[in-house]
Every structure is written in structure tokens, then in C-alpha cells.
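What follows is one structure encoded as C-alpha cells, with my remarks underneath.
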Amino acid sequence: MKHAEGIDRYGIEGYLERYGDKGLLRFITCGSVDDGKSTLIGRLLHDSENVFDDHLRALTKDSEKHGTTGEGIDFALLVDGLAAEREQGITIDVAYRYFATERRKFIIADCPGHEQYTRNMATGASTCDLAVLMIDARLGVLDQTRRHAFICSLLGIRHIIVAINKMDLVDWSEDRFMEIRQQFSAFAAKLQVPDVHFIPLSALMGENVVNRSAHMEWYQGSPLLDHLETVHVASDRNLIDLRLAVQQVVRPDLNFRGFAGSIASGIVRVGDSVVALPSGQRSTVKSIVTWEGELEEAFAPMAVTLTLADEIDVSRGDVIAAVNNAPRMATNLEAMMVWMGEDALEIGKRYLAKVGSSTVQAVVREVRYRANVHSLHRESSDALTLNEIGRVALELVRPVTVDSYNKNRGMGSMILIDRESNSTVACGMIVDRVTAETSTSRRRDAGDARSNVRAQRSKVPAAARAQRLGQAPFILWFTGLPRSGKSSIAYALEEVLFKEGHLAHVLDGENLRLGLNRDLGFSAEDRWENQRRVAELARIQQDTGVITLTALVSPLAADRAEVRRILGDRAAMVFCDAALEVCESRDEEGLYRRARAKEIRNVTGIDAPYERPTHADLTLDTAAESIVANVERVMVFLRQRGWIGDGAKA
Amino acid sequence: MTDYLLSHLKQLEAESIHIIREVAAEFHNPVMLYSIGKDSGVMLRLAQKAFYPGKIPFPLLHVNTTFKFREMIEFRDRVAKEAGADLIEFINPVGADRVSVTPWTHGTQEYTRIMKTEALKKALGDGGYDAAFGGARRDEEKSRAKERVFSFRDRHHQWDPKNQRPELWNLYNTRVKPGESIRVFPLSNWTELDIWLYIWKEDVPVVPLYLAKERPVVERNGALIMVDDDRLPLDDGQKPEMKSVRFRTLGCYPLTGAVESEADTLPKVVEEMLRATESERQGRVIDFDEAGSMEEKKREGYF
Ligand SMILES: Nc1nc2c(ncn2[C@@H]2O[C@H](COP(=O)(O)OP(=O)(O)O)[C@@H](O)[C@H]2O)c(=O)[nH]1
């Protein structure tokens, strides 16, 4: 083995000092059955000299008996110890393998690519920094490949190595490699994976796994192992936002009171100002205590014990965070969930949510949509079943401290537990809703009231109501500068639809501000709250079977994205596009004039931004075209969508 | 420290401490199964670290078969005392007289079942523990690769392979109903080499049997067995020979094979291991007997 050379050179202690303790990389391997995943892992272990002779001898013997590779050693047998267990119905979601080189220790999360791949992959990926995604060079990018990539991206994996395997069976063709590479890149552009790397290899023959291939001189990059040893994952960690979820209060005697927990993110230093949540009480870090002695600073993912300068209330489940950069407290959460339970998600049922070190009762209020893992499209659904992925809205009985998963894995992840069976039925990645949560203090005050709310189910299905009205309801969300024509077009459209036998209703921003939204101003927060309420109202109307047309400026892209999520998928964004000068010239009420004169503030276009939509479903030129023409264009659009006209369906 | 990187051992350490704290916080009555071996030693050290400056808030449980090496028992008592931990020793009453249940009266398998598996179940049942830490690692055997960190056991201490919970991130589902329990393996992600490195770097005490020394041994079924007391029946005319040996794993002395070795310091042991071309488990007689039967034993309630 390689160790021997090193020991000969440096002596054992010198060798251990040099190579003993090193970096760690956790990666997941994904691929469909027969892509060569096991062969690849076996190869990695063998070629990096991590296999003992007795195992190799056993392997050679087994290969003669069971191997699928003819003459040679079947490296897949090195890791395929689980076939028998599968037959016995033993649930294997992930098998973990370990190996090390002089540069890194590796933990492989090896997920069986069978039926339960979604659940298995989510489990395996949850602790990984990188994914090796196998593609059979003969088959190219398959549905399955896209699914795997999607799940990796959902679980926050930032590095994907696309291992294009079985190159020996495509004559080591560079063209084929490039073709697959392009296919995959086109798709991956839609995912949030910043680092995608491609390696052509043959697991079977060990080419470009550990050793450079002799058959693919056109490939300039390094073999897989080199890449695994050097890929830079350190900067993926969040060292900005200090958060420590308190696991235990350590109190050996009256003089010592320490808060033990793992640092989920950030760096903590003695003297730092910190806040304990949910109490909101502040103090400073007095000491960072470890068995080895006190530290001046500590960072993620260290497990430490903090003492604070003041006697403040802190107990298990609380989070200690930086004062000027605290996470949010929320009773309402939005999360992408992977359903893992045999029983489907039930809206309104009480589950337990474990978030950090707190466990809280939680109700799923709504399934916003289900993500179709084949097409990546969003579908409406009111449940999630085993292995389905969707975005859900959760309500907790008391607030928990969270960040979005994107920003902070440790503070943005959760599991759901069934209270009767105690099984883990789902995992969730919390989605950022900062705008919504911090919008108004009124929301926070309302937290207690909400905690007693239970989702109730109507006995009359929405579809039945729509049917009685003889239509398939939808929502059109008009956005644009003040005076760009939103209201005029919406009201004109309402009339046309009505005459054609539909029941539509306009929710006009300005009108609503006279009643429902009377308490809101024009700050960014209030604007969001305004939109949120209208969006929720639109959904209510949708459930009553009524078509909704809204007319709100809705100037910010992020807010509109949030609105879209609330509205669901039978909704379209219509952009009323007119230049500011045009809108100003239509200024009958003197809105712009007063803004220009600084008599009023926060007028969109003047001293508040309007972010032009780049992905509107329909853009209307409201400067050049008449209202009637634009209404007609909307009608055409609606027919194209199949939302009105013959055979319109929900 | 300026690059804010943790070495792999420190990462493993942090992960294990997190697990140990989680168990202490969420279970009513946890216990740590302390087998005196090197893995147990590391686990104990991690527990000390987890609660420092407080004491370990749960007892250590040693299931004694009465055939443990004497040095192990001495070591156990000393270490537990130094750690300030409560130590509970359990011996299955049927074999407590040290001569009624032995590998040669009952056969290895039956002896192991009575003095280890049954004893463990009884000890856990009597103690009413809802969580028990074990020092097993996933790299020990192929079939362990899929093992959970939190391994759920029904009220008969049985492992139901179809009813294990998915484990994500470091969010462990610790819910159990009365009578049910969870075996927790905080060293799951450690390899044998990690254990040795850690022992070396952190100066974790280990039983001297791991280091080579002249010891009296006899040969049995191709294995070198140390004559640790006068209960080991010797063949006619057989005489213990003094050989420089050490042990790769520690268990019951009649069932644990020694390896001939000159490695009398920790680094030398690691060196032998790194130069080794054969795997670790070869020394264990019990595994020879029943290759691949780990799974079965686990289902019965032994780890
Ligand atoms: N020709 C060729 N065959 C391969 C290669 N990698 C794997 N295979 C074969 O593909 C089949 C499936 O491999 P296996 O590793 O069991 O796939 P898994 O189901 O993804 O683990 C086996 O017959 C392998 O020998 C490769 O690079 N080239």
C-alpha cells in the first residue's frame, strides 16, 4: 500500500503528522441501476489502494462466481453487499463508504437508485457537499439524470461532477462526450448549482477514475479522484451569520452556567454581543469553553459551550446569534418538502417539526404546489405522497428561529415526525420569506392568535363550485406603473368576460386601500403586505369559482415571485408596459406632479423603484395600443391557455 | 486557525459530540455501553468533552461475560473513576459463578448468546434505559454500511429492518414509546484509522493489551489465545508459550486471537496497521464461527 512508502520516508510519527489529520469531503453518488455506480465506487476504493488483500482475494473469487465482467475483477462486488438485504425488504436508504488518500478523507453516501430514490437521495444528499452524477455514455442525459440533478440542487449541493461512464463503449468519442455535456449544461442552467464539472471515464477499465486515461488524450482535465481531492468546498460554508442552537445547559455547580451546542454557522469570539432567541435578551460572550481549554474564537461546525456575561434566559431549543444579524422568528414557514412517509401528507393534521434543537407541533396549512420531478413543472395538489416533492406552508404552535436553507443549511432544515407512529415522514428546506415575515409588527403580534387556528376542510370541493358557475377560474395579476392602464384594462376585461357568460371580479389596489388595506402605507413592507393580502384574497375568490383580475403596481420582482407562489399555477402575470413619460402624461389625479413636488413620497417611478418583469406571461403595450385592443389580446391569451372558450378546464 | 477549517478528526469529533448531547437532552434515561475497547475509549472521551466542565450525565454499562481479560477490568475501573462516571457492571446471573457458562461448556455461539446478547438485553431491560450508546462503526463490515446513527429497537430490543427512520442532516428523530429504545452510534462515521489517530493525538488511554508485550499464549484453531487465567482448558501436555503479541480487538480472552507483533507503542501499532495488507476482523474467533451473521445477532438484540 501507498502508506508504506510514506512511512519509509518520514518515519511513522512524521507521516502521521503530515498525512494523518486532513480535510474531509462528503459526497453522494447518484445514478440509475446499471450506470456503473458500484463499479465506480469499487474502482475508487481499489485504485486509491483502500482495499485489503484478503478482500481482494475474496473479490477475485466472487468475480469468477457472480461477476458480470467476464474475465476481470468485478469491482462492483466490493460494495454490492446489500443485494440480499434488499430481497429481505430491509430499507436501505443510504450505504456509507469510507476511504482516504493522503489529501482527504472521503465519506461516500451511496444511494440505491431504485424506486425510493427521491427519499434516499434526499437523505444522502443532506450531509454532502458534492454529488457525482453518473451518466451512461451510450444513453446520454435521461429523465433520471435530470431528477437526480434536481434533487441535489434542492438539497443545496453546490458541486456536481457529471461522470460520463462507459466511454469504452462509445469508442472514447470526444464528440459524444461534448454532446452529453451540452445536453446537461442546458438543463443545469436552470438549477442552482454553481459548479458543474464533466469527466469522461470508464469505471470498468479504471480510466480517468484514479489514473489518467490512455484512450482519451483529448481530455485535458484531471481524473475523478484528483478532482475530489482538490475541489474547493470550504467557501460553501456560512461563516458570516453566527448561530448556535443550544442543545443543553451545562450547570455543574452554582458558579458555572454554560450553553452547549454546535455552531451552525458563523464565528463566535469572546466579547461578541449576542442575542438569545426567542427571548430577545442580549449579552456578551464571556468565554468559549472546551475540554481542551478556553478558546478566543470558535466557528462552524465546532461543538462548544458558551458562557455569557449576563444572567439571561436561555434553554434548550434557543438560538444564540449575533445581535446585528439575527435570524427570524417564525410561526409560519414555507418549505420545500420531500415526503418520506408511507401515509400521505394530511392538511390540517398535527405533526411534530424538529428544527435545530427545538421540536414544535406543526400543521401543514397548504400544499402550494407539487414539483413534478420528471418535468420540473409545478402542479397543483393538495397532498404529497411518498417520494413526492412540493412546497408547503406550515404553521407552528410557537415560533422557531430559522434562516432560509439557501443561506444556512443548519438553520433552514427540518424534519416532520408523525405523532402517532413516531416515524420521520418528511424533510423540509425552509424557503426565504423575510419580506413576508418581517413585513409588519402586526403579523408578529398576531402570532399567538394564529397558534390556535386549525385548517378546516370544506365539504364542497372547489371544482364543484366552479362547475356550478360554468367556468374554470383563474387569476390575472396586472402589474405596471401607476396610470399604465392596469385598472382600465382589468375593468374592461371584467365586462367582456361577464358578457361572454363568465363571472369575473376585479381586485383593484387603490380601491382596496379604502377598506381592507386601509391600514397600509407605501413603505416597502406595507406594499408587500398589500400584495400579500390581495394575493390571498384572489386565492379565496379562486376557491369560490370566481375569476380574479387584480390591478396592483407590485413593483418588486421578489414580491411578485412571492405572489406567484401564493397564487398557485392557475395564475398569470400581465405586464402593462408604458414608459414613465406616458404614464405621467395621463396623470389626472396629479399623483406624479405631487411626487415631483415632493409633496408625497414613495411614488413608484419617481422615488420608488419599479423593476420591469422579465418573465411576464403576457406583456401589453399600453402606450401604443388601445384598451380594447389590449383586452382582445388578453382574451386571445386566455383561449390559448385553455382557460376560457370551448373545453376550458381546471 | 485563520482559515477556519476543521481537520477531519475535529469534524468527526464535533459531529459525535453533537449526537451525544442530543441524546442526553432528549432521552429520559440514557446509558453508554462501555466495552473497554479502543472505540469505547474514544466514545467515553467524547462524552467527557460534550459535557465539560460538567460530568457525564448518564452511567456507563459494562456487560461482563466474566471472560474479559483481567487487564480490561482493571483498566475499566480506573478509567471510569478518572472520568467521574458511574459504572454499572452487569453479569448474567446464570454465569456469574464464572464456571457454569463458558465457551467450552456451551460452545462459542451459545455462550455468546447467554453471556452477551441475553445479558445485554436483560441489563437494558432492568435499567429501563430508553437510549444506549454503542461504539460501533460503519466501516467495520460491509453490512454495517447502511446502519443508522439512531437505530430503533422495539420493546423486545429487536431491530426491525423495515422500520428504521430516515436520517437527514443532524436532525435526529429521538421519539420512542414506553418500552422502546434507540441504540445510538456516535462513531458511525469514524474509521479504524481515525480511531487510532484520535487516540494518539488526544492521548486517550487504552488497555495495554493493544500494545505488544511478552504474553503467555497457546494455539487454538489457528489463533493465538492468551492464557489469562486458569479456566482455559489446555490440551494434554500443552504449555503456554511466551510470545510478543498484541490484540487488534478486545473481547473475551478465549475468543480473541492475538497477533504476533513488536509494536509496543501507539505509533508502531498504527504503523503496523497502515502497512497491513489484511483486514482487521481476522483476530476475532467469534466472526470466524459465524461469518456474516452480524445481522442475525443484531436482530436478536446484540449489536
Ligand atoms: N463497458 C463498461 N461497462 C461498465 C462500466 N462501468 C460499469 N460497467 C458495467 O455496467 C454494469 C452495471 O454496473 P454497476 O456498477 O453494477 O452499476 P450500478 O447499478 O450503477 O451500481 C456492470 O455490468 C458493469 O460491469 C464502464 O465504464 N464500461
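Values reported hereafter were calculated over all heavy atoms of this structure, with side chains retained and with hydrogens, waters and symmetry mates removed. Chain letters run A, B, ... following the sequence lines, proteins first, then strands; residues in each count from 1.
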Structural part of L155(A) lying under 4.5 Å from a heavy atom of chain B: side chain
CG-CD distance between D8(A) and E271(B), expressed to the nearest 0.5 angstrom: 8.0 Å
Heavy-atom contact with chain B under 4.5 Å, split by part of I415(A): both
Atom group of V249(A) that falls short of 4.5 Å from chain B, counting heavy atoms: neither
Top of I17(B), L12(B), L197(B) for chain A proximity - count of heavy-atom pairs under 4.5 angstrom: L197(B)
Top of M340(A), R251(A), R104(A), R237(A) for chain B proximity - count of heavy-atom pairs under 4.5 angstrom: R237(A)
Residue K201(B) versus chain A: region with a heavy atom under 4.5 Å: side chain
Side chain to side chain, E292(A) and K49(B), heavy atoms closer than 4.5 Å: yes
Residue, of L352(A), T123(A), T127(A), L25(A), that accumulates the most heavy atom pairs under 4.5 Å with chain B: T123(A)
Test item: L274(B) and L16(A) side chains (from C-beta on) under 4.5 Å apart, heavy atoms: yes
Contacting region of W196(B) [heavy-atom separation from chain A under 4.5 Å]: neither
Interchain contact, Q48(B) with chain A, by part (heavy-atom threshold 4.5 Å): both
Verdict with supporting geometry, R175(B) and D418(A), salt bridge (charged side-chain N to carboxylate O under 4.0 Å, His left out): CA-CA 10 Å; R175(B) 314 264 309 166; D418(A) 185 284; over 6 Å; no
Any residue of residues 261-268 of chain A which, by heavy atoms, sits under 4.5 Å from chain B: G261(A), S262(A), I267(A)
CA sep, side-chain torsions, deciding dist, call: R26(A), E15(B), salt bridge (charged side-chain N to carboxylate O under 4.0 Å, His left out): CA-CA 13 Å; R26(A) 296 172 191 248; E15(B) 175 182 297; 2.4 Å; yes
Gap separating the OG atom of S126(A) from the CG atom of N170(B), nearest 0.5 angstrom: 9.0 Å
Residue, of V304(A), L56(A), T359(A), V425(A), that accumulates the most heavy atom pairs under 4.5 Å with chain B: V304(A)
Top contributor to chain A contacts, counting heavy-atom pairs under 4.5 Å, from V176(B), D194(B), L171(B): L171(B)
By ring-ring contact (aromatic ring centres under 6.0 Å, His included) - contacts of F150(B) (at least two apart): Y172(B)
Validation row: Y52(B), T290(A) side chains within 4.5 angstrom (heavy atoms): no
Closest contact, heavy atoms only, G23(A) versus H8(B): O-CB, 3.8 Å
Which atoms of Y15(A) approach chain B - backbone, side chain, both or neither, heavy atom under 4.5 Å: side chain
K55(B) NZ: over 12 foreign heavy atoms closer than 6.0 Å: no
Neighbour count above 12 (heavy atom, 6.0 Å) for I240(A) CD1: no
Criterion side-chain contact (heavy atoms from CB on, under 4.5 Å) on T424(A) and E167(B), from CA distance to verdict: CA-CA 8 Å; T424(A) 302; E167(B) 277 178 350; over 6 Å; no
Closest heavy-atom pair and its distance - A122(A), L168(B): O-CD2, 3.5 Å
Residue among S413(A), C427(A), A300(A), A100(A) with most heavy-atom pairs under 4.5 Å to chain B: S413(A)
Ring centroid separation Y405(A) to W169(B) under 6.0 Å: yes
Separation of I417(A) CD1 from T174(B) OG1 (nearest 0.5 Å): 6.5 Å
Shortest non-hydrogen contact between S7(B) and D21(A), atoms and distance: OG-OD2, 2.7 Å
Closest heavy-atom pair and its distance - R275(B), A4(A): NH1-CB, 3.8 Å
Evaluation steps, side chain to side chain donor-acceptor pair (under 3.5 Å), between E297(A) and Y4(B): CA-CA 10 Å; E297(A) 62 177 5; Y4(B) 299 106; 3.1 Å; yes
Closest non-hydrogen atom pair between P53(B) and V250(A), with its separation: CD-CG1, 4.1 Å
Which atoms of S421(A) approach chain B - backbone, side chain, both or neither, heavy atom under 4.5 Å: backbone
Interchain contact, E420(A) with chain B, by part (heavy-atom threshold 4.5 Å): backbone
Working for side chain to side chain donor-acceptor pair (under 3.5 Å), residues Y98(A) and N189(B): CA-CA 8 Å; Y98(A) 304 85; N189(B) 284 328; 2.4 Å; yes
Minimum side-chain heavy-atom gap R144(B)-Y96(A) below 4.5 Å: no
Close side-chain approach of E22(B) to Q247(A), heavy-atom, < 4.5 Å: yes
Under 4.5 Å from any heavy atom of chain A - which part of S188(B): backbone
Interatomic distance, L24(A) atom CG to K10(B) atom NZ [nearest 0.5 angstrom]: 14.5 Å
Distance in Å, K105(A) NZ paired with L193(B) CG, rounded so as to fall on 0.5 Å steps: 8.5 Å
Audit row: R21(B), T305(A), side chain to side chain donor-acceptor pair (under 3.5 Å) steps and yes/no: CA-CA 11 Å; R21(B) 285 173 171 169; T305(A) 298; 3.3 Å; yes
Closest non-hydrogen atom pair between P301(A) and A14(B), with its separation: O-CB, 3.3 Å
Straight-line distance of L6(B) CG to M302(A) CE, nearest 0.5 Å: 6.0 Å
salt_bridge(K354(A), E26(B)) N-O dist < 4.0 Å: yes
